[in-house]
Number of protein chains: 2
Amino acid sequence: MAVKYKEIADRLECEIQEGKFDKTKKLPTEEELIKKFEVSRNTIRKAINQLVNRGYIYQVQGSGMFLREESVTDYINLGSLRGLTKDLTSKTIETKILALHVLEADEVNAKQMRCEVGTKLYYIKRLRIVDKEPFSIEISYFKKEIVPYLNEDIAASSIYSYLIEDLKLNIGFADKVINCEKIDEASAIELHVNPLDPALIIENTVCLSNGTIFELSKSVFHYQKAKILNRINFK
Amino acid sequence: MAVKYKEIADRLECEIQEGKFDKTKKLPTEEELIKKFEVSRNTIRKAINQLVNRGYIYQVQGSGMFLREESVTDYINLGSLRGLTKDLTSKTIETKILALHVLEADEVNAKQMRCEVGTKLYYIKRLRIVDKEPFSIEISYFKKEIVPYLNEDIAASSIYSYLIEDLKLNIGFADKVINCEKIDEASAIELHVNPLDPALIIENTVCLSNGTIFELSKSVFHYQKAKILNRINFK
DNA sequence: AAGTGGTCTAGACCACCGT
DNA sequence: CGGTGGTCTAGACCACTTC
């Protein structure tokens with residue numbers, strides 16, 4: 001990581017997940033953390049800020065830092081990069097690759113990804129299976145220019161781990177559009193729901209830190225199995 | 001406001017919305033903003049951070065600060081406090097109060113709001129109408145202890161403006177759970193959709209800065225009219 | 001009044017982008 | 001290489017909570 005505040009944030013995140021502060025639901029004071037990690041106050045506060053933004057804690061002026069209530073159910077977390085694998089920890093997750101090949105951007109794609117028609121894109125269609133039952137259909141496009149290589153093994157495990165750890169991509173920000181539709185016929189069959197049943201849909205546009213769009217995806221979720229959680233801070 | 005970085009963030013937000021940087025899609029450098037607002041670099045960076053978190057801009061090390069693409073369509077913004085009125089600016093929005101009274105928390109309410117059974121709650125049911133067509137049904141509970149007074153006028157305009165500007169509540173954070181169901185009969189009639197059509201649902205638990213839950217709400221949206229946008233930063 | 005987080009300043013050095 | 005953001009430090013003072 002090499003950056004102090006992120007390292008501290010990650011360590012504290014681990015401690016929180018291990019239940020270290022569950023008894024009191026209270027974290028050490030800034031002062032104590034400054035001594036523990038031997039950094040300046042600003043650095044500690046930046047680390048804390050990460051935990052606040054990740055939805056773990058909240059701060060109360062004059063009082064301290066407290067754990068937020070844990071969500072009991074398994075939710076899809078909008079703010080996390082690594083998808084289902086990290087969100088649904090209590091479940092078994094499998095992935096079936098339905099398609100994986102390179103194609104050229106048509107006009108629709110090109111407009112959405114702000115690139116030339118004909119730009120090479122990886123096209124991937126995956127069925128996600130949670131606890132042995134179909135959970136979602138995900139269609140993704142990656143710019144080949146940015147993700148030069150992909151295979152079934154990578155697509156079956158975690159694409160994002162590959163992008164971050166192996167390709168060292170710097171992922172910057174994303175737009176997620178959520179809505180709800182009557183499911184299309186093909187998806188209904190694959191997700192084992194009836195035609196015209198509802199479907200929860202997330203369309204995702206992801207950019208590198210420098211602002212370039214590199215991925216577009218559309219996920220169709222089983223309406224009875226998927227719930228999205230979003231933790232928001234107003235400050 | 002009284003706090004410099006928020007004031008600067010708000011001023012820059014206005015300038016962005018007015019289209020001041022549309023030509024270049026680039027903001028002034030930190031250096032320039034420091035001179036313009038006569039504050040330290042940290043303060044400017046805190047202000048900028050607000051704009052990043054609000055989804056307006058992104059920063060590129062070594063290069064500058066740039067506007068994010070605007071979303072063309074009208075979306076519900078998960079991260080904003082003021083609801084529809086601010087999200088759907090191009091539309092006319094009306095609110096019909098279907099119910100507004102005080103009741104005592106039952107066991108379900110009490111558990112969700114972490115309060116005693118019998119705690120006094122405002123119960124509000126509203127139909128939101130966008131461009132003359134039914135858009136959503138919203139059921140909210142507010143702790144009377146925290147929101148001692150509410151009336152139809154307030155509930156028909158913006159409850160949150162009232163809470164913030166008049167009651168001076170410090171709103172801290174919220175959990176939003178989004179899912180998709182077959183609509184219930186009553187809502188179907190009110191939203192003018194067919195029974196068993198899909199419905200987009202947001203359940204919302206809102207806390208004050210000190211961590212106390214003060215509101216619980218459930219909104220049922222017209223599945224063809226509501227789209228949610230969430231802008232996420234990974235840093 | 002003591003404890004704890006929130007805001008702000010001034011300055012140093014590093015990392016990355018573009019010319 | 002100059003320009004621009006990113007990280008980090010040290011210290012001051014304020015605002016709120018708790019007792």
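As the structure is a computational prediction, the values presented were derived from the model and not from experiment.
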S.K.: Taking OP1 and OP2 of C/dT4, is either one under 4.0 Å from a side-chain nitrogen or oxygen of A/Q59?
M.R.: no
S.K.: Please report the distance, rounded to the nearest Å, between CG in B/L33 and C1' in D/dG3.
M.R.: 15 Å
S.K.: A/F221 vs A/F135 aromatic rings, parallel, tilted or perpendicular, using cut-offs 30° and 60°?
M.R.: perpendicular
S.K.: In whole Å, what is the span from the CD1 atom of B/I44 to the P atom of D/dG6?
M.R.: 13 Å
S.K.: For a quick test of reading the model: is some side-chain N or O of B/K6 closer than 4.0 Å to OP1 or OP2 of C/dG6?
M.R.: no
S.K.: Go through the side-chain N and O atoms of B/D87 and B/S80 and say whether any donor and acceptor fall under 3.5 Å apart.
M.R.: yes
S.K.: Is A/E15 salt-bridged to A/K36, cutoff N-O under 4.0 Å?
M.R.: yes
S.K.: When the distance from CD of A/E31 to P of C/dG5 is rounded to whole Å, what number comes out?
M.R.: 9 Å
S.K.: Take A/N42 and A/R45, find for each the nucleotide of DNA chain C with the closest heavy atom, and name the residue whose nucleotide sits nearer the 5' end.
M.R.: A/R45
S.K.: Figure out the CG/P separation between A/N170 and D/dG6, and round it to whole Å.
M.R.: 12 Å
S.K.: Rounding to an integer number of Å, can you tell me how far A/Q61 CD sits from C/dC8 C1'?
M.R.: 14 Å
S.K.: How many Å lie between CD on A/E38 and P on D/dT7, as a whole number?
M.R.: 21 Å
S.K.: Want to settle it: does A/G62 or A/R41 sit nearer the 5' end of DNA chain D, counting the closest nucleotide to each?
M.R.: A/R41
S.K.: Count the heavy atoms belonging to other residues, nucleotides or ligands that lie under 6.0 Å from NZ of A/K26, then report whether that count exceeds 12.
M.R.: yes
S.K.: Let me know the distance between CZ of B/F234 and P of D/dG6, rounded to the nearest Å.
M.R.: 17 Å
S.K.: Between B/Y5 and C/dT7, is there a contact of a side-chain N or O with OP1 or OP2 at under 4.0 Å?
M.R.: yes
S.K.: Does a salt bridge link B/E138 with B/R128, judged by any charged N lying under 4.0 Å from a carboxylate O?
M.R.: yes
S.K.: Taking 4.0 Å as the cut-off, does a side-chain nitrogen or oxygen of B/T43 come that near to OP1 or OP2 on C/dT9?
M.R.: yes
S.K.: Taking NZ from B/K235 and C1' from D/dT7, how many angstroms apart are they, rounded to a whole number?
M.R.: 12 Å
S.K.: Quick one: do A/E145 and A/K120 make a salt bridge, cutoff under 4.0 Å?
M.R.: no
S.K.: Side chain of A/V3: nearest nucleotide among D/dT9, D/dT7, C/dC17?
M.R.: D/dT7
S.K.: Using a distance-only test with no angle check, is there a side-chain donor-acceptor pair under 3.5 angstrom linking B/E215 and B/Y141?
M.R.: no
S.K.: Taking 4.0 Å as the cut-off, does a side-chain nitrogen or oxygen of A/K46 come that near to OP1 or OP2 on D/dC8?
M.R.: no
S.K.: Please map the stems of DNA chain C, keeping only stretches of three or more Watson-Crick or G-U wobble pairs with both distances under 3.5 angstrom.
M.R.: C:1-18 with D:1-18
S.K.: Would you kindly compare A/S40 and B/K26 by the position of their nearest DNA chain D nucleotide and give the one closer to the 5′ end?
M.R.: B/K26
